Amino acid sequence: MSAKLFTLDDLKRTLLEAAGVAEGVDLDADILDTEFDVIGYESLALLETGSLIEREYGISLDEEAVGEANTPRAFIEVVNAQLVPATAA
């Protein structure tokens with residue numbers, strides 16, 4: 001059984017639900033490696049986004065890892081680390 005990966009589209013949807021979007025920001029642009037503060041999201045918005053993701057996906061995110069995830073790519077990796085079961089090495 002394969003787990004559904006959390007994608008950039010999932011993150012954008014959740015960010016919009018949690019905090020909206022700052023004026024002049026285009027979330028459809030190439031934002032994957034753009035720091036959150038550049039695209040208008042501060043730590044409180046990201047914590048709220050994390051809470052929504054936890055409820056929707058039934059997972060628990062590491063608050064420290066969420067706080068250190070300063071780009072959408074890093075945030076997606078934190079979420080997927082909880083969604084995808086670890087494989088035996």
Side-chain angles (χ1 to χ4, degrees):
M1 179 173 126
S2 66
K4 178 185 179 296
L5 291 178
F6 188 78
T7 66
L8 180 59
D9 286 337
D10 295 324
L11 178 59
K12 290 190 288 189
R13 176 185 48 80
T14 309
L15 282 168
L16 287 170
E17 184 179 338
V21 64
E23 187 175 328
V25 172
D26 180 9
L27 290 182
D28 290 325
D30 184 13
I31 63 165
L32 197 56
D33 294 309
T34 304
E35 293 193 10
F36 281 116
D37 60 343
V38 172
I39 55 176
Y41 294 101
E42 296 178 357
S43 60
L44 186 57
L46 296 175
L47 288 174
E48 178 61 25
T49 299
S51 292
L52 288 174
I53 292 167
E54 287 178 331
R55 287 192 298 273
E56 182 175 341
Y57 290 86
I59 59 174
S60 180
L61 298 174
D62 181 316
E63 286 185 32
E64 186 175 337
V66 168
E68 292 174 359
N70 62 348
T71 65
R73 181 185 306 274
F75 197 98
I76 290 166
E77 289 172 359
V78 168
V79 175
N80 281 327
Q82 294 301 314
L83 287 175
V84 180
T87 58

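All of these numbers come straight from a predicted model, not from anything done at the bench.
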Inset, instruction - Report the residue from Asn70, Ile39, Val25, Thr71 that forms a side-chain contact (heavy atoms from CB on, under 4.5 Å) with Thr34. - result: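 Result: among Asn70, Ile39, Val25, Thr71, Ile39 is the only option passing the side-chain contact (heavy atoms from CB on, under 4.5 Å) with Thr34.
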
Inset, instruction - Output the distance between atom CD1 (Ile31) and atom CZ (Phe36), rounded to the nearest 0.5 Å. - result: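 Separation between the atoms: 7.5 Å.
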
Legend entry - Residue pair Thr7 / Ile76: nearest heavy atoms and the distance that separates them: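 Result for this residue pair: C-CD1, 3.9 Å.
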
Legend entry - Shortest non-hydrogen contact between Tyr41 and Ala19, atoms and distance: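 Taking Tyr41 first and Ala19 second, the nearest heavy atoms are CE2-CB, 3.9 Å.
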
Side-chain donor-acceptor distances from residues 46-61 under 3.5 Å, at least two apart:
{"from": "Thr49", "atom 1": "OG1", "to": "Ala45", "atom 2": "O", "distance (Å)": "2.8"}
{"from": "Ser51", "atom 1": "OG", "to": "Leu47", "atom 2": "O", "distance (Å)": "3.2"}
{"from": "Glu54", "atom 1": "OE2", "to": "Leu61", "atom 2": "N", "distance (Å)": "2.7"}
{"from": "Glu56", "atom 1": "OE1", "to": "Arg13", "atom 2": "NH1", "distance (Å)": "3.2"}
{"from": "Glu56", "atom 1": "OE2", "to": "Arg13", "atom 2": "NH2", "distance (Å)": "3.1"}

Legend entry - Test item: Leu83 and Asn80 side chains (from C-beta on) under 4.5 Å apart, heavy atoms: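 Sidechains of Asn80 and Leu83: in contact.
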
Legend entry - Validation row: Val21, Leu15 side chains within 4.5 angstrom (heavy atoms):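 Val21 does not reach Leu15 side chain to side chain.
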
Legend entry - All side-chain contact (heavy atoms from CB on, under 4.5 Å) counterparts of Glu64, not counting sequence neighbours: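 Per chain and number, Glu64 pairs via side-chain contact (heavy atoms from CB on, under 4.5 Å) with Asp62, Glu68.
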
Legend entry - Verify same cluster id: Val66, Leu16 (apolar side-chain graph, 4.5 Å):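 Yes, Val66 connects to Leu16 through the hydrophobic network.
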
